[in-house]
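One structure is given below, encoded as structure tokens.
Numbers restart at 1 for each chain; the letters A, B, ... are given by sequence-line order, proteins then strands. The structure displayed is predicted, hence computed values, not measured ones.
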Amino acid sequence: MERRGVKVDRDYLAGLSKTFSEEIAKLEERIYEAACGPFTIGSPQQLGDVLYGRLGLKGGRKGKSGHYSTDVNELERLASEGVDCARLVLDWRQLTKLRSTYTDALQAVINPETGRVHTSFSLTGAQTGRLSSNDPNLQNIPIRTELGRKIRDAFVAEPGYVLMSADYSQIELRIAAHMADVPQLKEAFREGADIHNITAEELFGSVDRENRNKAKTVNFAILYGVSAWGLASRMGVPKDEGSAIIARYFERFPGIRHYIDETLQFVRQHGYTKTLFGRKTHFYPNIRSPNPSIRGGAERAAINAPIQGTSADLIKRAMARMDDALSDAGLDGVRMLLQVHDELVFEVPDGREEEAAEVVRRVMATAAEPALKLDVPLDVEVGWGEHWGAAH
DNA sequence: TATCGACGCCAC
DNA sequence: AAACGTGGCGTCGATA
């Protein structure tokens, strides 16, 4: 079997590491200045003691160890209250994270002979049927921040090829719309409408940027079985408002409420959930635990498992068919390299991009067939470029 | 030196 | 009672 892998630009990563290191050194000086002395910034315990002890700030304890929490929420709060040190530590955390987990770690695992990185995919890595990736994990390469996105540019195609990325668009919300039988959402997906705008209109009666962002948060949170408390905290609104938004959501989309109720009833009785293709995920005995924390966690996972699991089934069906489909189209030179839950990454010979995109799109979009007829189309966004960052 | 829990944070 | 699902992996600090 041919050994596949993705080519990584070592010199580029080395340059990023150096740039990050210079910034980190500057930040450390400024943090020590603001904190009235040196300490181990990377130690949450020490950082908590500095902030709430030496600097005398107000905050709460958390965790089993009884130390102060210094996570991003706490530091953002302090930063907004004018604590310069908190902002500096957040910047320091971002840079050290990128350097240690990505720019340094990836350089260390480049195969010297191939110039490629060879991850391992576990087919049983996740309860829901998703794959997992390890050694190194290539399913958590940064993309959300401008700085993090630079890491993606290190993943390149070999000369004469481009990297092609194919993403399922909103696949979990599409599956939820189908499984929960929500007319407005199914129609929106059929018409290619913006799903978060539809939800914003239903929830708030109008669409602007702020409402759309709130609706987006709600759409995803609902799939995870969020509580009023959790949603309110996530959206930065009072608990009453979170509770009202959830009530309104269920009023507008009663199918979602039905789905949740039916799923919980089934899993409590049988101890497992099923995807649309019939694959089971087991939740016994946690689903009947007398411990509310354990039981509540199992319930939220059970609400999510059929949706996340069906998505996993779909992309695996597409992957199983992909090489033959490419070969049948005379595209043997196309290599499927990575899977990132709703995305496939390929290396495609120059000049064959349009042909490859057509095959990839078709195989992914028809992955449910012939076993299932979905009420919503599966939309696939395809792009390509010299590196992964440019393929989106 | 190796391992582990806690904490924190990257992705979908 | 806890409070948003699925993962992997970095550092710190305690322990063997």
Side-chain angles (χ1 to χ4, degrees), chain A residues 39-48 62-75 89-90 92-106 108-109 119-122 124-145 147-149 151-152 167-173 176 217-235 239 242-243 246 263 273 281 283 289-309 311-312 315 338-343 388:
Chain A
F39 65 101
T40 306
I41 304 168
S43 164
Q45 293 94 318
Q46 289 192 33
L47 177 61
K62 281 190 202 166
K64 290 153 188 166
S65 57
H67 291 110
Y68 292 106
S69 169
T70 66
D71 67 15
V72 64
N73 293 323
E74 292 300 309
L75 293 186
V89 170
L90 284 168
W92 181 91
R93 284 218 180 127
Q94 183 188 25
L95 288 166
T96 54
K97 173 78 175 180
L98 293 176
R99 184 180 61 177
S100 67
T101 307
Y102 300 105
T103 56
D104 283 355
L106 285 171
V109 294
T119 185
S120 295
F121 287 105
S122 170
T124 54
Q127 289 297 315
T128 54
R130 277 190 176 182
L131 306 189
S132 67
S133 160
N134 67 280
D135 191 28
N137 182 1
L138 295 187
Q139 290 180 323
N140 72 342
I141 301 303
I143 193 170
R144 289 176 183 176
T145 67
L147 210 52
R149 192 178 275 261
I151 309 285
R152 292 228 163 194
D167 280 78
Y168 280 116
S169 167
Q170 311 276 23
I171 190 166
E172 292 198 2
L173 284 172
T217 299
V218 179
N219 273 333
F220 289 117
I222 291 288
L223 303 182
Y224 301 148
V226 73
S227 66
W229 190 97
L231 185 65
S233 140
R234 185 72 169 193
M235 296 176 70
K239 191 192 159 189
S243 168
I246 289 178
T263 301
T273 61
T281 303
F283 293 95
S289 171
N291 181 329
S293 173
I294 292 175
R295 193 176 63 248
E299 287 172 353
R300 292 191 297 276
I303 290 166
N304 177 257
I307 299 167
Q308 188 179 121
S311 168
I315 196 166
L338 299 177
Q339 190 255 42
V340 192
H341 308 306
D342 65 354
E343 173 187 13
W388 197 2

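- Residues passing the side chain to side chain donor-acceptor pair (under 3.5 Å) test with Ser65(A), sequence neighbours excluded: His67(A).
- One interatomic measurement links the two molecules: CG of Asn73(A) to P of dA3(C), which rounds to 14 Å at whole-angstrom precision.
- The base of dC12(B) lies close enough to the side chain of Arg130(A) for a donor and an acceptor atom to sit less than 3.5 Å apart.
- If you check every strand for non-hydrogen atoms under 4.0 Å, Ser233(A) touches nothing.
- For the pair Pro292(A) and His341(A), both in contact range of DNA chain C, the more 5′-proximal nearest nucleotide belongs to Pro292(A).
- In the displayed structure, Gln46(A) atom CD is contacted under 6.0 Å by more than 12 heavy atoms of other residues, nucleotides or ligands.
- In this structure, the nucleotide among dG8(B), dA11(B), dC4(C) sitting nearest to the side chain of Tyr224(A) is dC4(C).
- In this entry the distance linking CG of Leu147(A) with P of dA11(B) reads 12 Å, nearest Å.
- As rounded to whole Å, 14 Å separates atom P of dC4(C) from atom CG of Leu223(A).
- Under the salt bridge (Lys or Arg N to Asp or Glu O under 4.0 Å) criterion, Glu343(A) pairs with no residue, sequence neighbours left out.
- Sorted by residue number, the members of residues 293-301 of chain A with any non-hydrogen atom under 4.0 Å from DNA chain C read Ser293(A), Arg300(A), Ala301(A).
- Around the CZ atom of Arg295(A), the shell of radius 6.0 Å holds more than 12 heavy atoms that belong to other residues, nucleotides or ligands.
- Between Tyr68(A) atom OH and dC7(B) atom P there is a gap of 15 Å when expressed in whole angstrom units.
- Rounding to whole angstrom units, CG of residue Asn291(A) and P of dA1(C) are separated by 9 Å.
- Distance Lys239(A) NZ to dC4(C) P: 11 Å, rounded to the nearest Å.
- Residues Ser169(A) and Asp167(A) have side chains not in contact (no heavy-atom distance under 4.5 Å, counting atoms from C-beta outward).
- If you measure from atom CG of Leu90(A) to atom C1' of dC7(B), you get 15 Å, rounded to the nearest angstrom.
- For the pair Ile151(A)/Thr103(A), a side-chain contact is recorded, criterion being any heavy-atom separation below 4.5 Å from C-beta on.
- Closest contact between the side chain of Ile143(A) and the listed nucleotides dC4(C), dA11(B), dG8(B) involves dA11(B).
- Between dG8(B) and dA3(C), the two P atoms lie 15 Å apart (nearest whole Å).
- Residues Leu106(A) and Leu138(A) form a side-chain contact, since some pair of their non-hydrogen atoms from C-beta on lies under 4.5 Å apart.
- The side chain of Ser311(A) places no N or O atom within less than 4.0 Å of a non-bridging phosphate oxygen (OP1 or OP2) of dC12(B).
- For Ser69(A), the side chain to side chain donor-acceptor pair (under 3.5 Å) criterion is met by no residue, not counting sequence neighbours.
- Protein atom CG of Asn304(A) is 11 Å distant from nucleotide atom C1' of dC12(B), rounded to whole Å.
- The side chain of Ser227(A) contributes an N or O atom lying less than 4.0 Å from OP1 or OP2 of dC4(C).
- Side-chain contact check for Leu95(A) versus Leu147(A): some heavy-atom pair is nearer than 4.5 Å.
- The side-chain hydrogen bond (donor to acceptor under 3.5 Å, both in side chains) contacts involving residues 220-233 of chain A comprise nothing, where partners must be two or more places apart or lie in separate chains.
- Remark: Arg144(A) is in phosphate contact with dC12(B), judged by side-chain N or O atoms under 4.0 Å from OP1 or OP2.
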For each nucleotide in nucleotides 7-16 of chain C, reading 5' to 3', give B when a protein heavy atom comes within less than 4.0 Å of its base, S when such contact involves only the sugar-phosphate, and - otherwise. BBSS-SS---
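- Using atom P as the reference point in both dC4(B) and dC4(C), the two lie 30 Å apart (nearest Å).
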